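A quick write-up on the structure given underneath.
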Number of protein chains: 2
Amino acid sequence: MNFKYPNGKRYEPTERDKQHRIKSTKNKNHSYSNRGMTLEEDLNDTNAYYLDRNIAVIHKKPTPVQIVQVDYPRRSAAVIKEAYFKQASTTDYNGVFKGIYIDFEAKETKNQTSFPLANFHTHQIEHMKTVVQQNGIAFVILRFSSSEEIFLLPFPTLHYYWNRMVNGGRKSITKDEIVNNGFPIPVGLQPRLDYLKIVEKLTFKLNEPFID
Amino acid sequence: MNFKYPNGKRYEPTERDKQHRIKSTKNKNHSYSNRGMTLEEDLNDTNAYYLDRNIAVIHKKPTPVQIVQVDYPRRSAAVIKEAYFKQASTTDYNGVFKGIYIDFEAKETKNQTSFPLANFHTHQIEHMKTVVQQNGIAFVILRFSSSEEIFLLPFPTLHYYWNRMVNGGRKSITKDEIVNNGFPIPVGLQPRLDYLKIVEKLTFKLNEPFID
């Protein structure tokens with residue numbers, strides 16, 4: 001899957017290239033036809049499909065940015081001249097599906113045998129916990145990029161393995177554990193990742209406490 | 001209420017001041033004790049209160065920004081050097097309250113007799129419409145800053161007046177119409193704007209079609 005990362009292959013990563021990384025990434029996003037779509041692109045595509053057909057209203061939240069300095073050139077748009085990426089206090093995706101509040105985070109790993117829990121941070125775990133307390137549905141979508149396998153893992157299951165780590169256990173979930181306790185999301189064309197089919201079938205048990 | 005805008009009064013608005021506007025605003029936010037809090041600050045405060053007490057999980061979405069250029073200085077955080085404000089495709093606030101999906105936008109006006117509909121844009125109206133179709137609760141919180149009166153207006157009511165404008169009618173909702181068809185939100189201390197009390201009482205009718 002190296003063709004997904006043309007920047008890293010084509011150029012020496014000089015400072016100048018790094019400055020232009022965002023611009024290059026933007027161009028890449030326009031080629032929807034190849035298989036090099038990221039998990040985020042697949043999900044945005046899927047959510048647009050859901051919205052189009054009145055199936056659900058789910059959006060990705062904007063990237064949180066701490067704005068420090070803004071220029072106001074006369075008669076043209078304000079330009080942000082200095083800003084920093086902030087850590088998100090919630091998950092990236094939320095919305096409503098048939099009256100149910102949906103909340104999830106999506107992550108991918110190049111790792112082949114386990115999913116590192118470093119992909120999540122404490123704020124996000126706490127956030128999903130409160131969502132479940134409010135009778136919303138919280139889960140994570142995990143992608144193994146080398147094998148292109150994608151799984152939906154209900155929050156209580158993630159929380160179980162998170163607590164195992166907090167209590168001194170391993171810092172990842174093994175792939176076997178994900179296969180056994182998660183739900184595979186097949187990759188399709190329309191929609192690309194029909195994760196709501198799983199939510200629909202399993203709503204009654206997605207929030208159930210998980211015991212290994 | 002002019003003391004709320006120290007920048008506009010204390011300085012001549014030179015280009016240099018405009019560049020520092022964000023920095024100054026940040027400092028202002030730290031003085032929670034005075035009455036100069038914006039509607040956004042009051043709502044963030046209220047949502048933090050709800051979260052603390054497990055009443056609801058409602059967050060403001062980050063400001064959408066189109067990032068164009070990022071610098072990666074060695075061994076320090078990435079700096080966004082060029083970015084632009086984007087128009088939001090959804091509302092600013094959403095979350096879950098006792099299993100109910102909540103979605104709203106908050107706006108204030110200095111106008112004393114009516115609320116200009118220019119405060120909303122078509123994307124937001126369309127978004128709230130789809131939320132109501134999915135059985136979520138959508139509304140707007142409107143603040144008249146001169147009188148400090150705050151109202152919750154259910155989306156179907158807003159939509160009625162929006163359509164009146166689209167069909168050639170007035171470009172605002174009169175204050176009388178808001179008083180008669182909205183629900184006043186009293187300003188308190190803890191929480192500052194207890195809008196969920198209204199949602200709780202009126203859930204059964206908040207999504208009802210509005211007929212003037």
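Protein chains get the first letters and strands the later ones, always in sequence-line order, with residue 1 at the start of each. Nothing here was measured: the structure is a model prediction, and the numbers come from that model. As a basis for the values below, the full set of heavy atoms in this structure was taken, side chains included, without hydrogen atoms, waters or symmetry mates.
With rounding to the nearest 0.5 angstrom, the OH atom of A/Tyr101 is 10.0 Å from the CD atom of A/Gln134.
Contacts of A/Gln133 with chain B are made by side-chain atoms alone, with heavy-atom separations under 4.5 Å and no backbone atom involved.
With B/His127 as the fixed residue, the side-chain hydrogen bond (donor to acceptor under 3.5 Å, both in side chains) test singles out one of B/Thr90, B/Asp103, B/Thr122: B/Asp103.
At a threshold of 4.0 Å, the pair A/Arg143-A/Glu40 does not count as salt-bridged, since none of the basic side-chain nitrogens sits closer than that to a carboxylate oxygen. At a threshold of 4.0 Å, the pair B/Arg192-B/Glu41 does not count as salt-bridged, since none of the basic side-chain nitrogens sits closer than that to a carboxylate oxygen. By the 4.0 Å N-to-carboxylate-O rule, B/Glu126 lies close enough to B/Lys129 to be salt-bridged with it.
Taking chain A as the reference chain and counting heavy-atom pairs below 4.5 Å, the highest number among B/Thr130, B/Asn135, B/Leu51 is found for B/Thr130. Between chain B and the options A/Ala88, A/Gly136, A/Ala78, heavy-atom pairs under 4.5 Å are most frequent for A/Ala78. Heavy-atom pairs under 4.5 Å with chain A were tallied for B/Thr63, B/Val79, B/Ile80; the largest tally goes to B/Ile80.
More than 12 heavy atoms of other residues, nucleotides or ligands sit less than 6.0 Å from atom NE2 of A/His121.
Checked by atom type and distance alone, the side chain of B/Thr157 never pairs as donor or acceptor with a backbone atom of B/Leu153 at under 3.5 Å.
Heavy-atom neighbours of chain A within the stretch residues 54-61 of chain B, taken at a separation under 4.5 angstrom, comprise B/Asn54, B/Ile55, B/Ala56, B/Val57, B/His59, B/Lys61.
Contact annotation: the side chain of A/Phe155 never approaches that of A/Phe104 to less than 4.5 Å [non-hydrogen atoms, C-beta and beyond].
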